[in-house]
Amino acid sequence: MNESPVGKPHYFALDLPPPPPDRPYVLVNMVMSADGRAVFEGSERGLGSSVDQRLMRELRANADVVLNGAETFRVSGSSPRLGDPALEELRRARGKPPVPIGAVLTGSGDLDTTRLFFTAEDFEGVVFVLETTPEARRRAIEATGRKVVELPPGETIRALLRYLRLVMQCQVLLVEGGPSLNGHFFAHRAVDEYFVTIGPVIVGGSDELTPVRTPKPFTREHAPRLTLLSAVPNPETGEVYCRYRVSYPG
């Protein structure tokens, strides 16, 4: 990763290891407040600056697929767009399409099909549903023209990862939340790198979401461990941009 002299890292050309044979190399990217909250009045808006938004798009430039959970889709929408022709050109130079594939994972199928994810024509999109997803909602998603892939409810994350790697030839997956989806990936020991921007604001509260939400805490023996690869402070915004590599005990 390159770093500029004014505290703005660049994520558009990461030197990533090759993926495992049965799943992509997985990046998780989040923004949080200084007290560890992932939402501010119901969404992530207000936690990060335009620099953080730029870094999010630079991370997308490394990915073959950008994945969101259904709740994040409902609150903030979902798009793999880069918003910069220069980033698109960098991808072309690497032999990739200009924009990654967008993906959404939903169990209920409760997605607004008028949102940009379904109406945009400048990127491919795929919706992962479950065997238990109501048929009417599945048909409504299929009617948009987006590809629909059914996953088993018991091994959803594992099946998703295998499909991405073996069928879609995805080498790098970028997960952009929300917290519950992140938690599932960590619980399956399937996160390789964790990127988090720490914003200079205190949200407070007792029930607000943190970047990773699991049904129960990890134990000391089994908690994922993080190795700090970089931490870049930005005096202009008050943010710190952290990149960690993830390992799993045992």
Side-chain angles (χ1 to χ4, degrees), residues 1 3-4 6-11 14 26-60 63 66-79 104-105 157 173-249:
M1 180 196 71
E3 298 176 6
S4 75
V6 292
K8 298 175 185 177
H10 298 299
Y11 289 158
L14 298 177
V26 177
L27 314 177
V28 169
N29 182 45
M30 291 293 287
V31 60
M32 70 178 186
S33 64
D35 59 334
R37 305 303 187 183
V39 295
F40 200 3
E41 297 183 343
S43 80
E44 79 285 354
R45 290 184 289 275
L47 292 176
S49 69
S50 60
V51 178
D52 171 66
Q53 292 291 309
R54 169 68 185 186
L55 292 176
M56 175 186 70
R57 291 177 173 86
E58 289 186 3
L59 271 177
R60 290 176 181 174
V66 177
L67 175 68
N68 284 123
E71 185 60 24
T72 295
F73 176 96
R74 287 188 284 268
V75 172
S76 304
S78 178
S79 165
V104 176
L105 174 62
I157 299 300
L173 171 66
L174 174 60
V175 180
E176 295 185 344
S180 294
L181 182 62
N182 297 341
H184 284 303
F185 273 83
F186 274 106
H188 281 78
R189 303 165 69 96
V191 178
D192 297 294
E193 294 194 23
Y194 178 51
F195 294 77
V196 60
T197 293
I198 303 171
V201 63
I202 298 293
V203 172
S206 58
D207 299 322
E208 281 69 17
L209 292 171
T210 63
V212 179
R213 184 181 190 183
T214 56
K216 58 182 181 179
F218 292 106
T219 64
R220 290 188 181 91
E221 293 78 13
H222 297 96
R225 307 297 181 183
L226 305 181
T227 299
L228 184 66
L229 299 183
S230 64
V232 181
N234 186 344
E236 295 178 2
T237 66
E239 295 169 326
V240 182
Y241 313 111
C242 299
R243 177 188 179 188
Y244 296 93
R245 183 149 294 149
V246 186
S247 61
Y248 302 90

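Here the closest non-hydrogen pair linking Val246 and Pro224 is CG1-CB, 4.1 Å. Asn182 and Pro211 make their closest contact through ND2-O, 2.8 Å (heavy atoms, listed as atom of the first residue, atom of the second, distance). Looking at every heavy atom in both residues, Ala231 comes nearest to Pro233 through O-CD, 3.6 Å. The shortest heavy-atom contact between Thr237 and Pro200 is O-CG, 3.3 Å.
The neighbour count for Arg213 CZ, taken as heavy atoms of other residues, nucleotides or ligands under 6.0 Å away, does not exceed 12. Other residues, nucleotides and ligands place more than 12 heavy atoms under 6.0 Å from the CZ atom of Arg225.
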For a side-chain contact (heavy atoms from CB on, under 4.5 Å) check, start with the C-alpha distance between Val240 and Asn234, then their side-chain angles and the critical distance, and finish with the verdict. CA-CA 6 Å; Val240 182; Asn234 186 344; over 6 Å; no
Dump the intermediate steps for side-chain contact (heavy atoms from CB on, under 4.5 Å) on Leu67 and Leu105, then the final yes or no. CA-CA 7 Å; Leu67 175 68; Leu105 174 62; 4.3 Å; yes
Step by step, would you call Tyr241 with Val51 a side-chain contact (heavy atoms from CB on, under 4.5 Å)? CA-CA 10 Å; Tyr241 313 111; Val51 178; 3.2 Å; yes
Check against side-chain contact (heavy atoms from CB on, under 4.5 Å), Phe186 and Thr214: CA-CA 9 Å; Phe186 274 106; Thr214 56; 5.5 Å; no
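In this structure, Tyr194 and Tyr244 have parallel ring planes: the angle between them is below the 30° cut-off, well short of the 60° mark.
Put simply, the side chain of Asn68 never gets that close to the backbone of Phe73: no donor and acceptor are under 3.5 Å apart. Between the side chain of Asp35 and the main chain of Gly204, a donor-acceptor pair closer than 3.5 Å is present. One N or O on the side chain of Glu239 and one on the backbone of Ser49 form a donor-acceptor pair closer than 3.5 Å. Under the 3.5 Å distance criterion, the side-chain polar atoms of His222 are left unmatched by any main-chain donor or acceptor of Phe218. Judged purely by atom type and a 3.5 angstrom limit, Arg189 has no side-chain atom pairing as donor or acceptor with the backbone of Ser247. Not one N or O on the side chain of Arg37 forms a donor-acceptor pair closer than 3.5 Å with the backbone of Thr210. Asp192 places a side-chain N or O within donor-acceptor distance of the main-chain N or O of Val26, the cut-off being under 3.5 Å.
Counting only heavy atoms from C-beta outward, the side chains of Leu27 and Val175 never approach each other to under 4.5 Å. Side-chain atoms of Leu55 and Pro9, non-hydrogen and from C-beta on, do get closer than 4.5 Å to each other. When side chains are defined from C-beta on, Pro179 does not count as touching Val212, because their heavy atoms never get closer than 4.5 Å. When side chains are defined from C-beta on, Phe195 counts as touching Leu14, because their heavy atoms get closer than 4.5 Å. No side-chain heavy atom of Thr197 sits less than 4.5 Å from a side-chain heavy atom of Cys242.
Remark: Ser79 engages no residue in a side-chain hydrogen bond (donor to acceptor under 3.5 Å, both in side chains) (not counting sequence neighbours). Scored by the side-chain hydrogen bond (donor to acceptor under 3.5 Å, both in side chains) test, Glu193 finds Tyr25, Arg243, Arg245 as partners (sequence neighbours excluded).
Using a 3.5 Å distance cut-off with no hydrogens or angles, the side chains of Glu176 and Thr72 do not pair a donor with an acceptor.
Note that the CE atom of Met56 and the CE atom of Met30 stand 12.0 Å from one another [nearest 0.5 Å].
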